[in-house]
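To keep things clear, I will list the structure first and then write my remarks on it.
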Amino acid sequence: MQLGSVALLVRDYDEALAYYVGVLGFRLLEDTSLGQGKRWVRVAPPGAETGLLLARAVAEEQRAAIGNQSGGRVFLFLHTDDFWADYQRLLVRGVRFLEAPRLESYGHVVVFQDLYGNRWDLLEVRRGL
(Lines give C-alpha, C1' and ligand atoms only; values in the text may rest on other atoms or scores of the structure.)
Protein backbone atom coordinates (compact mmCIF):
# COMPACT_ATOMS: atom_id res chain seq x y z
CA MET A 1 0.00 0.00 0.00
CA GLN A 2 0.93 3.62 -0.40
CA LEU A 3 -0.66 6.95 0.32
CA GLY A 4 -2.17 8.17 -2.94
CA SER A 5 -3.33 11.72 -2.21
CA VAL A 6 -4.05 14.07 0.66
CA ALA A 7 -7.20 16.18 0.31
CA LEU A 8 -6.57 19.87 0.91
CA LEU A 9 -9.50 22.27 1.22
CA VAL A 10 -9.22 25.30 -1.07
CA ARG A 11 -11.42 28.33 -1.88
CA ASP A 12 -11.06 28.09 -5.63
CA TYR A 13 -9.48 25.55 -7.96
CA ASP A 14 -7.75 28.04 -10.25
CA GLU A 15 -6.45 30.15 -7.36
CA ALA A 16 -5.00 27.01 -5.78
CA LEU A 17 -3.45 25.85 -9.04
CA ALA A 18 -1.81 29.24 -9.55
CA TYR A 19 -0.12 28.83 -6.16
CA TYR A 20 0.77 25.14 -6.01
CA VAL A 21 1.85 24.90 -9.65
CA GLY A 22 2.92 28.49 -10.37
CA VAL A 23 4.62 29.34 -7.07
CA LEU A 24 5.64 26.05 -5.44
CA GLY A 25 6.44 24.40 -8.79
CA PHE A 26 4.22 21.33 -8.38
CA ARG A 27 3.09 19.35 -11.44
CA LEU A 28 -0.55 19.27 -12.47
CA LEU A 29 -1.42 15.57 -12.49
CA GLU A 30 -5.11 15.80 -13.28
CA ASP A 31 -7.84 18.39 -13.74
CA THR A 32 -11.10 16.69 -14.67
CA SER A 33 -14.52 18.33 -14.69
CA LEU A 34 -17.10 16.39 -12.68
CA GLY A 35 -19.96 18.69 -13.67
CA GLN A 36 -21.79 21.43 -11.78
CA GLY A 37 -18.55 23.32 -11.13
CA LYS A 38 -16.88 20.40 -9.34
CA ARG A 39 -13.44 19.23 -10.47
CA TRP A 40 -11.01 16.45 -9.61
CA VAL A 41 -7.72 18.35 -9.34
CA ARG A 42 -4.48 16.68 -8.28
CA VAL A 43 -1.00 18.20 -8.00
CA ALA A 44 2.34 16.87 -6.75
CA PRO A 45 5.94 17.98 -6.39
CA PRO A 46 8.13 16.93 -9.33
CA GLY A 47 9.03 13.25 -9.01
CA ALA A 48 6.63 12.56 -6.13
CA GLU A 49 4.07 9.77 -6.22
CA THR A 50 1.87 11.19 -3.45
CA GLY A 51 0.19 14.49 -4.11
CA LEU A 52 -2.59 16.82 -3.08
CA LEU A 53 -6.21 16.55 -4.10
CA LEU A 54 -7.35 20.17 -4.22
CA ALA A 55 -10.88 20.00 -2.83
CA ARG A 56 -13.01 23.13 -3.23
CA ALA A 57 -14.84 23.79 0.01
CA VAL A 58 -18.59 24.01 -0.53
CA ALA A 59 -20.21 23.79 2.90
CA GLU A 60 -19.75 26.47 5.56
CA GLU A 61 -18.00 23.98 7.85
CA GLN A 62 -15.52 23.19 5.07
CA ARG A 63 -14.93 26.87 4.24
CA ALA A 64 -14.23 27.54 7.93
CA ALA A 65 -11.49 24.86 7.89
CA ILE A 66 -9.59 26.26 4.89
CA GLY A 67 -6.05 26.96 6.07
CA ASN A 68 -6.62 25.35 9.44
CA GLN A 69 -7.12 21.67 8.70
CA SER A 70 -4.49 20.78 11.31
CA GLY A 71 -5.43 23.23 14.04
CA GLY A 72 -2.47 25.51 13.29
CA ARG A 73 0.22 22.82 13.32
CA VAL A 74 2.57 21.95 10.49
CA PHE A 75 0.97 19.03 8.72
CA LEU A 76 2.49 19.02 5.25
CA PHE A 77 6.16 18.19 4.77
CA LEU A 78 7.85 19.12 1.50
CA HIS A 79 11.09 17.16 1.22
CA THR A 80 13.99 18.43 -0.85
CA ASP A 81 17.42 17.18 -1.84
CA ASP A 82 18.76 20.74 -2.07
CA PHE A 83 17.40 22.79 0.81
CA TRP A 84 19.21 26.05 0.12
CA ALA A 85 18.42 26.14 -3.61
CA ASP A 86 14.73 25.38 -3.03
CA TYR A 87 14.53 27.82 -0.13
CA GLN A 88 15.96 30.62 -2.29
CA ARG A 89 13.69 29.72 -5.25
CA LEU A 90 10.59 29.81 -3.05
CA LEU A 91 11.70 33.00 -1.32
CA VAL A 92 12.06 34.76 -4.68
CA ARG A 93 8.60 33.51 -5.70
CA GLY A 94 7.05 35.18 -2.66
CA VAL A 95 6.49 32.20 -0.35
CA ARG A 96 5.82 33.41 3.19
CA PHE A 97 8.35 31.88 5.59
CA LEU A 98 7.48 32.08 9.28
CA GLU A 99 11.03 31.73 10.60
CA ALA A 100 14.65 31.60 9.57
CA PRO A 101 15.97 28.27 8.28
CA ARG A 102 17.46 26.13 10.99
CA LEU A 103 19.57 23.02 11.34
CA GLU A 104 18.03 20.32 13.52
CA SER A 105 19.35 16.87 14.37
CA TYR A 106 17.23 15.44 11.52
CA GLY A 107 18.24 18.04 8.88
CA HIS A 108 17.62 21.54 7.54
CA VAL A 109 14.08 22.83 8.00
CA VAL A 110 12.01 25.98 7.69
CA VAL A 111 8.28 26.57 8.21
CA PHE A 112 6.23 28.36 5.59
CA GLN A 113 2.57 29.13 5.01
CA ASP A 114 0.73 28.48 1.79
CA LEU A 115 -1.78 30.96 0.38
CA TYR A 116 -4.47 29.71 2.76
CA GLY A 117 -2.38 29.72 5.92
CA ASN A 118 -1.62 25.98 6.08
CA ARG A 119 1.77 25.42 7.69
CA TRP A 120 4.38 23.39 5.84
CA ASP A 121 7.93 22.29 6.58
CA LEU A 122 10.47 22.57 3.79
CA LEU A 123 12.82 19.83 4.88
CA GLU A 124 16.07 18.27 3.77
CA VAL A 125 16.45 15.16 5.88
CA ARG A 126 19.99 14.46 7.02
CA ARG A 127 21.42 11.48 5.20
CA GLY A 128 21.68 8.30 7.24
CA LEU A 129 18.45 8.76 9.19
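Linking Ile, Leu, Val, Met, Phe, Trp and Tyr whenever their side-chain heavy atoms come within less than 4.5 Å puts Leu76 and Val10 in one cluster. Linking ILVMFWY side-chain heavy atoms closer than 4.5 Å, directly or via other members, places Trp120 and Leu115 in a single hydrophobic cluster. Cluster annotation: Val41 and Val58 are assigned to distinct hydrophobic clusters (Ile/Leu/Val/Met/Phe/Trp/Tyr, side-chain heavy-atom contacts under 4.5 Å, transitive).
With contacts defined as side-chain heavy-atom distances shorter than 4.5 Å, the pair Leu29/Val43 does not qualify. A 4.5 Å side-chain heavy-atom check between Val95 and Val23 finds at least one atom pair inside the cut-off. Considering only heavy atoms from C-beta on, Pro101 stays 4.5 Å or farther from Val109 through its side chain. In this structure, the side chains of Leu53 and Val6 stay at 4.5 Å or more apart for every pair of heavy atoms. Contact check for Phe97 versus Val111: no side-chain heavy atoms found under the 4.5 Å cut-off. The shortest distance between side-chain heavy atoms of Leu52 and Phe26 falls below 4.5 Å.
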**Request:** For side-chain contact (heavy atoms from CB on, under 4.5 Å), just list the numbers for Leu8 and Asp114, CA-CA rounded to whole Å, side-chain angles, deciding distance to a tenth of an Å, and then say yes or no.
**Result:** CA-CA 11 Å; Leu8 185 68; Asp114 67 16; 4.2 Å; yes
**Derivation and outcome, side-chain contact (heavy atoms from CB on, under 4.5 Å), residues His108 and Arg102** = CA-CA 6 Å; His108 284 97; Arg102 63 186 194 279; over 6 Å; no
**Prompt:** For Trp40 and Glu30, what are the C-alpha separation, side-chain angles and deciding distance, and is it a side-chain contact (heavy atoms from CB on, under 4.5 Å)?
**Reply:** CA-CA 7 Å; Trp40 185 261; Glu30 184 175 359; 3.3 Å; yes
**Message:** Working note: Glu15 + Tyr20, criterion side-chain contact (heavy atoms from CB on, under 4.5 Å); need CA distance, chi angles, decisive distance, verdict.
**Reply:** CA-CA 9 Å; Glu15 169 188 67; Tyr20 294 106; over 6 Å; no
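Shown here is Glu49, whose CD atom has no more than 12 heavy atoms of other residues, nucleotides or ligands within 6.0 Å.
The structure places CG of Asp31 at 9.0 Å from OH of Tyr13, a figure rounded to the nearest 0.5 Å. Interatomic distance, OG1 of Thr50 versus CG of Leu3, reported as 5.0 Å (0.5 Å rounding). Atom CG in Leu17 sits 9.0 Å away from atom CG in Asp12 (nearest 0.5 Å). Separating the CG atom in Leu123 from the CZ atom in Phe77 is a distance of 8.0 Å, to the nearest 0.5 Å. A distance of 4.5 Å separates OH of Tyr19 from CG of Leu24, quoted to the nearest 0.5 Å. Atom CG of Leu28 sits about 9.5 Å away from atom CZ of Arg42, to the nearest 0.5 Å.
Residue pairs meeting the side-chain hydrogen bond (donor to acceptor under 3.5 Å, both in side chains) criterion with at least one partner in residues 66-84, sequence neighbours excluded, are Thr80-Asp86.
Salt bridge present: Arg39 and Asp14 bring a charged side-chain N and a carboxylate O closer than 4.0 Å. Using a 4.0 Å cut-off between charged nitrogen and carboxylate oxygen, Arg63 and Glu61 do not count as a salt-bridge pair.
Among residues two or more places apart in sequence or in another chain, the side chain to side chain contact (heavy atoms under 4.5 Å, CB included) test is passed with Ala18 by none.
Across all non-hydrogen atoms, the minimal contact from Ala16 to Leu54 is CB-CD1, 3.8 Å. Minimum interatomic distance between Ala44 and Ala48 (heavy atoms only, all atoms of both residues): CB-O, 4.2 Å.
A distance-only check finds no donor-acceptor pair linking the side chain of Arg96 to the backbone of Phe112 [under 3.5 Å]. Judged by distance alone, with hydrogens and angles left aside, the side-chain atoms of Arg56 form a donor-acceptor pair with the main-chain N or O of Gly37 at under 3.5 Å. The closest donor-acceptor contact from the side chain of Glu124 to the backbone of Phe83 lies under 3.5 Å.
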